[in-house]
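Predicted, not measured: the structure shown is a model, and the values here were computed from it. Below, chains carry the letters A, B, ... as their sequence lines are ordered, and counting in each starts from 1.
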Amino acid sequence: MRERGIGRWIVAIPMCLLALATIYPMLFTLNVAMKSRREYVLNRFSLADHLTAANIADAWNTTGLGRYTFNSVLVTAGSVALLLLLGSMAGYAFSQLTFRGRKWLFLVCLGALMIPFQVIMVPFFRVLGQIHLLDTYLGLILAYTGQFLPFTIFLMTSFYSRIPAEIVEAARVDGSTTLGVYRRIMLPLGRPALLSVGILNALFCWNDVLISLLVMQSEQHRTLMVGVTALRGQYSDNIPLFAGGVLVAALPVIAIYLFFQRQITDGVTAGSTKG
Amino acid sequence: MMPSASSPTIRGIKSRRGWIAAALVPALALVSAACGAAAPQTQAGGGASSGSNKLVVWDWHSGDATTKDYYAEARSDFEAKHPGVQVEFVAQPYDQYYTLLGTAIQAGKGPDISMFNGGAQLRDRVSALLPLDDKVGDLKDRLVGWDAFKQASTTYAVPVTLQGFPFYYNKAVYKKAGLDPEKPPKTLAELQTDCAAIKKSGNACFNLGNKEGLGIEFFLSGFAPGVFSPAQYDAWLAGKRDWKSPEVRQIFQLWKQTNDDGWYNKGVNSTAMFNDQFTMFSGGKGGNVIGLISDTAHWKSFDEFLGPDLGVYQAPIANPGTVKSTFLPAEGGIGYGVMKWTKDPDLAVDLVKSLSSTDAEKLFFEKAGAIAADKTIDTKSVDVPAAGQIVSWLPDSKPLLHTALSAKTLDLMHRLSQQLISGDVTVDQVLTQLAASDK
């Protein structure tokens with residue numbers, strides 16, 4: 001039943017304010033990106049005199065953001081592919097298979113969720129160096145996979161736990177192998193979860209700065225977010241150019257949100273309730 | 001019967017094709033990524049040089065448009081002397097620079113040459129740097145600012161620019177407040193009178209952003225020449241710091257008092273110094289600012305917006321009984337050090353020499369606005385009075401006070417300065433904690 005009268009406004013007004021607070025930084029960035037440096041310095045909060053994409057074009061043309069975008073797409077796609085494959089396999093194993101040490105192994109995976117990247121930065125850097133994967137695409141893909149796999153396993157295990165055991169048993173009775181069950185039942189049934197987890201991981205990988213900065217040390221291998229962050233130099237004062245770069249980097253993320261917002265919400269809430 | 005387009009069989013095949021296609025895209029990306037990893041790019045990575053035919057330099061400036069000519073000049077100078085040796089400048093984001101460098105140092109793998117801020121940032125990392133005294137003797141007379149790149153009289157980096165904290169002011173704001181724009185304050189009492197007038201005219205007397213906690217560094221090093229006696233100043237630099245002295249207390253009390261007196265723009269603890277504080281000053285929103293002479297927030301960036309309204313003065317005298325004249329606090333700003341793991345130290349030193357050559361430094365000064373560490377540069381080519389005044393003050397300058405402190409004490413001072421402004425701690429509590437940290 002729809003809420004009426006004052007109760008409706010009590011909900012609507014804070015929601016509108018919250019939406020405004022969320023949208024405002026994006027509109028501010030857009031407005032700054034449309035300004036000249038002089039306009040910005042003289043009045044940061046005024047509306048841009050005229051609409052121009054010069055800063056966005058400058059950020060794109062003069063700072064190698066095109067190359068960085070290609071790098072970001074490559075490592076994000078590679079990482080998400082590997083995460084989905086390993087995460088769904090592990091999720092299937094933890095939720096449907098019985099083997100010794102299952103609970104302990106799952107706890108270890110969950111425990112890995114609690115470790116901040118900063119804590120393992122130095123050994124991580126050292127190991128990647130020793131196996132000659134520093135400054136390589138594969139190195140960054142494996143780094144992202146390692147970092148986000150516990151989260152992926154957690155969500156996939158939660159999802160697969162909701163699949164009735166009878167379905168798996170029926171497939172077994174029909175002669176399906178463990179791998180066959182994974183391929184013919186778990187993967188098709190897990191499609192909504194895989195989509196949600198894939199989108200979330202794509203956003204994590206795309207938005208990361210620290211891991212990428214550490215692994216990709218040469219300019220040509222930089223990802224987009226690192227490239228945009230480097231635009232600031234040491235406190236560079238060309239904020240409109242920086243805002244142009246931020247917009248370039250944010251556009252794919254905004255597009256993903258717009259197209260897949262339902263799946264993202266599902267992904268975030270997956271496992272919170274047992275159906 | 002032939003299956004129709006909408007039949008379950010066809011839908012199944014289509015669906016399977018969709019899955020295969022969806023799986024193929026990332027899989028291909030993965031394969032191409034793996035191939036990318038094996039490509040020659042790997043050899044050209046930004047880590048340590050793979051041999052003596054390539055040198056990698058980490059900095060936070062080579063991506064800036066204003067320093068493009070400086071780096072081009074340094075590269076061409078070096079490559080003319082060492083044909084066939086490649087140089088790669090990697091501009092890192094400054095926010096993450098020392099975290100990244102710290103990780104590289106702990107792992108013993110990183111660039112051949114690194115850019116450093118003078119003082120604590122360099123001294124905390126000397127264990128990873130080559131001592132340079134026996135390699136840069138020919139630069140000693142030409143360049144100044146060496147002390148900021150020394151630890152216990154050993155030189156670990158070559159200065160490229162100088163850093164200093166002059167007081168910049170906006171003559172138009174002074175005029176609007178009914179003050180003489182050609183007479184900046186010489187004493188603290190005059191500054192206090194001027195601030196009252198500027199505040200009355202509707203402007204902030206000073207622009208301040210203390211979100212990063214850096215404001216107190218500028219305040220301490222900026223005001224100290226007018227507060228500390230010469231002997232006390234030298235003792236501080238020599239490591240004999242008396243945190244309970246009336247003068248140290250006076251500076252921290254002044255920090256608190258000036259805020260309470262409404263000298264600053266609103267919300268200083270939530271305003272970023274870089275770049276909001278300096279943008280406000282450039283935009284004419286304040287009468288004064290303690291700025292820099294190296295990298296950013298300097299005469300050139302302010303001149304771009306204020307033009308002839310830009311003025312500059314030295315720290316006002318706060319204690320006329322013990323301080324007869326003030327000076328510009330200045331020392332080495334940024335410089336280049338050679339990492340211990342570089343394969344060919346002499347080659348790396350040669351690149352540092354190109355990075356600090358007179359021709360390159362001249363471009364850094366003229367195009368990027370940093371006061372160069374090279375005293376042979378003719379600064380008359382720049383027609384900005386503030387720049388000329390700053391250069392004329394350099395011979396009498398003394399190093400900055402805050403860079404003599406350790407990074408740990410500076411971090412603590414940043415936090416305490418914010419709490420002091422918000423009234424959560426007292427000046428005495430601040431001094432007690434800083435004294436304990438500085439032992």
Q) Is chain A contacted by the side chain of Met273(B), its backbone, both, or neither, given a heavy-atom distance below 4.5 Å? A) neither

Q) What closest approach, in Å, do Ile239(A) and Asn275(B) show between heavy atoms, and which atom pair accounts for it? A) CD1-ND2, 3.4 Å

Q. Between Phe125(A) and Ala104(B), what is the shortest heavy-atom contact and its length?
A. CE2-CA, 3.8 Å

Q: Specify which of Ser62(B), Ala297(B), Ala107(B), Gly108(B) makes the most heavy-atom pairs with chain A at under 4.5 Å.
A: Ala107(B)

(Q) Could you check whether any side-chain N or O of Arg126(A) sits under 3.5 Å from a backbone N or O of Gln106(B), counting only pairs where one atom can act as donor and the other as acceptor? (A) yes

Q) Taking only residues two or more places apart in sequence, or in another chain, which ones meet Gln147(A) in a side chain to side chain contact (heavy atoms under 4.5 Å, CB included)? A) Phe117(A), Ile120(A), Ile211(A)

Q | CD on Gln217(A) to CH2 on Trp58(B), rounded to 0.5 Å | A | 4.5 Å

Q) Do the side chain of Lys285(B) and the main chain of Leu42(A) share a donor and acceptor less than 3.5 angstrom apart? A) yes

Q: Please name the pair of heavy atoms, one in Arg222(A) and one in Pro93(B), separated by the smallest distance, quoted to 0.1 Å.
A: NH2-CD, 4.5 Å

Q: Please assess Glu304(B) against Arg37(A) for the test salt bridge (charged side-chain N to carboxylate O under 4.0 Å, His left out), listing each intermediate value before the final yes or no.
A: CA-CA 11 Å; Glu304(B) 187 182 343; Arg37(A) 190 161 159 257; 2.7 Å; yes

Q: Work out which heavy atom in Ala91(B) is nearest to a heavy atom in Ala230(A); give both atom names and the distance.
A: O-CB, 4.0 Å

Q. Any side-chain heavy atom of Gln118(A) within less than 4.5 Å of one from Thr99(B)?
A. no

Q) Who pairs with Glu217(B) by salt bridge (Lys or Arg N to Asp or Glu O under 4.0 Å), at least two apart in sequence or on another chain? A) none

Q) Is it the side chain or the backbone of Leu210(A) that comes within 4.5 Å of chain B heavy atoms, both, or neither? A) side chain

Q: Give, as side chain, backbone, both or neither, the part of Phe281(B) having an atom under 4.5 angstrom from any heavy atom of chain A.
A: neither

Q: Verify, without hydrogens or angle tests, whether Glu88(B) (side chain) and Ser218(A) (backbone) share a donor-acceptor contact under 3.5 angstrom.
A: no

